[in-house]
Amino acid sequence: ELVKFSSILVSQELQKHATSPQSPSVLARTLRLLGFFGNESDAEMLMPYLTSEDEKLADTACEAFIRLKDPLRLPEKWGGI
């Protein structure tokens, strides 16, 4: 459903959502979506999550970061979470 909207608007809303208090699993889903709808400049906001103690959150942040910075680096069948 999100593909119907401008990726810029979706990215902005996901960033707002990511900064509001929520569970690690909800935050991971938000970061994953940001990896698809964001752009390279959005990758910087993912930096604090790369070292999260929550392994799922850190892995998702890493996948989103790579997708935004260099989408060709992700393995073709990378499933993430």
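As the structure is a computational prediction, the values presented were derived from the model and not from experiment. Numbering starts at 1 and runs along the sequence shown.
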Contacts of E40 that satisfy salt bridge (Lys or Arg N to Asp or Glu O under 4.0 Å) - sequence neighbours left out
K69
Please name all residues satisfying side chain to side chain contact (heavy atoms under 4.5 Å, CB included) with [X], sequence neighbours left out, ordered by chain then number.
X	value
S41	N39
S23	S25, V26
L50	M47, A61, C62, F65
D54	P24, S52, K56, L57

Identify whether I8 and F37 are in the same connected component of the hydrophobic contact network (ILVMFWY, side-chain heavy atoms under 4.5 Å).
no
Report whether F36 and V3 are members of the same hydrophobic cluster (ILVMFWY, side-chain heavy atoms less than 4.5 Å apart, transitive linking).
yes
If I compare all heavy atoms of D42 with all of S11, which pair ends up nearest, and what's the gap?
OD2-OG, 2.7 Å
Minimum heavy-atom distance between R67 and G35, given as atom pair plus value
CD-O, 3.0 Å
Interatomic distance, [X] atom [atom1] to [Y] atom [atom2] [nearest 0.5 angstrom]:
X	Y	atom1	atom2	result
R32	T30	CZ	OG1	12.0 Å
L27	T60	CG	OG1	9.0 Å
E63	L31	CD	CG	10.5 Å

So salt bridge (Lys or Arg N to Asp or Glu O under 4.0 Å) across residues 4-23, not counting sequence neighbours, yields E1-K4, E13-K16
I'd like to know if the side chain of Q22 reaches the main chain of H17, judged simply by a donor and an acceptor atom lying under 3.5 Å from each other, with no hydrogens or angles considered.
yes
